[in-house]
Amino acid sequence: MNNEPHNLTFSTRVQIGEVSCEIVCNNPDTLDNIKSLCSEFITNSPVDFTLVLNMHDAITPDQGDTGSSSGFAAEYLPETDTINAYIEYEPDGQHFDLTLLNRLFYYVYYSALKIKQYSGKEKPLMIHACGILLNGKAILFAGPGGSGKSTVARLLDETDAKIINDEMLIISRHKQGANTFIIHGTPIIGDYTGRLNVAAPLDCVMILKKSPGTTIHAINQTEAYTQFIRQVVTPSYIGQTDNKAVLSTMADFTGELTSMVPFYVLEFNLDGKALWHELCRLEGLTEEGTDR
Amino acid sequence: MITGSISRSDNVVWRRVDNDIVVIPQNGQQIIVLNKTAAVIWEMLDGECEIEYISTCLSERFDVSKEKARFDTASIIETFIRNGIAIQSENIL
């Protein structure tokens with residue numbers, strides 16, 4: 001753990017799953033923005049990892065490689081459990097590309113997991129999915145960008161379901177080794193504004209498929225496996241080179257998940273009532289909340 | 001024509017899922033689910049088994065003629081190579 005003081009004055013601490021990340025920034029406006037966006041995830045837990053945001057009006061060259069896009073570079077400093085990020089911002093000092101923050105969050109998360117003594121049987125993974133909380137359990141809606149994760153979140157916004165996150169979640173095995181997977185909310189920012197810092201047992205996974213009608217049907221393990229594995233966020237950290245080991249981790253995790261958790265395909269359109277009806281039917285719930 | 005020994009590419013990860021074999025390329029290309037015949041061949045691609053030996057095993061396992069087994073083996077292995085999931089170790093004639 002790294003509890004060393006930083007030269008930069010402005011900081012806050014954010015919970016990402018079991019990882020407590022100290023965010024240090026040289027720009028108070030940017031930090032205030034992050035604090036506001038991540039208000040559900042502010043924590044006082046001891047720091048596992050530090051993210052230093054160096055905001056500049058021009059990219060600082062040769063500051064590490066994340067497979068970066070323009071305006072962003074980062075380096076991992078293992079001796080201090082720190083990621084130093086160099087981010088170009090607009091001249092007004094206010095504008096900050098939130099997708100960069102998302103990328104940094106999962107770099108931080110996976111980098112911290114690499115060093116953290118994780119008490120579970122296996123280390124968790126992040127997944128591209130919308131997660132909802134219904135009847136105390138989590139249901140995932142998984143799919144690539146454009147598949148409708150945020151649309152599902154909006155359609156279910158007026159129901160009894162609570163949206164955990166519409167973009168990315170953490171999934172872990174139960175610590176006691178039971179055949180239970182736990183879903184954790186993340187501060188990752190999607191299109192839907194609400195995000196919950198909660199953990200709940202995973203009930204089932206729905207693979208999203210846009211369709212003229214709304215139906216839910218079960219799929220076999222092979223189909224679930226091939227559809228789901230690409231939704232696992234590659235557990236890479238800055239400087240990592242063994243891509244085959246990373247893919248093997250994803251393959252094994254997906255194998256376990258698909259063998260233990262029910263998988264469905266959700267064919268859906270923009271009919272929120274039909275979607276809620278199908279979910280309630282699957283879960284054996286009454287449809288209160290539909291018209292609220 | 002492909003002869004000699006063939007091995008699975010180092011750039012893929014593969015797993016037996018349920019009763020299928022799923023091949024996952026590292027480069028993000030499409031995941032491949034092998035049919036029954038392709039799965040038998042895939043499991044023998046250890047870089048040591050030659051195509052002739054694989055086709056003989058296939059002929060016995062599926063009770064088909066050696067000619068058909070040889071044709072199917074070569075065809076499937078060519079598809080593996082074309083998709084970058086297997087590599088030829090030697091002897092391109």
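Every chain is numbered from 1, with letters handed out A, B, ... down the list of sequences.
Contact tally against chain A (heavy-atom pairs below 4.5 Å) for B:V33, B:N19, B:N11, B:D20: the top residue is B:D20.
Atom CG of B:D63 is surrounded by 12 or fewer heavy atoms from other residues, nucleotides or ligands within 6.0 Å. Summarising the local packing, CZ of B:R61 is surrounded by 12 or fewer heavy atoms from other residues, nucleotides or ligands at distances under 6.0 Å. Other residues, nucleotides and ligands contribute only 12 or fewer heavy atoms inside 6.0 Å of the CD atom of B:Q30. The environment of CG in B:D46 is crowded: more than 12 heavy-atom neighbours from other residues, nucleotides or ligands sit within 6.0 Å. In B:F62, the CZ atom is crowded: over 12 heavy atoms of neighbouring residues, nucleotides or ligands sit closer than 6.0 Å.
Of all residues spanning residues 199-222 of chain A, those with a heavy atom less than 4.5 Å away from chain B's heavy atoms are A:Q221, A:T222, arranged by number.
The side-chain contact (heavy atoms from CB on, under 4.5 Å) check on B:S59 picks up B:K66, B:A69, with sequence neighbours excluded.
Scanning all heavy atoms of the two residues, the minimum distance from A:A251 to B:I24 falls at CB-CD1, 4.0 Å.
Here the side chains of B:R15 and A:D252 are in contact, with some heavy-atom distance below 4.5 Å.
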Evaluation steps, side-chain contact (heavy atoms from CB on, under 4.5 Å), between A:K244 and B:V12 | CA-CA 7 Å; A:K244 192 165 184 176; B:V12 301; 5.9 Å; no
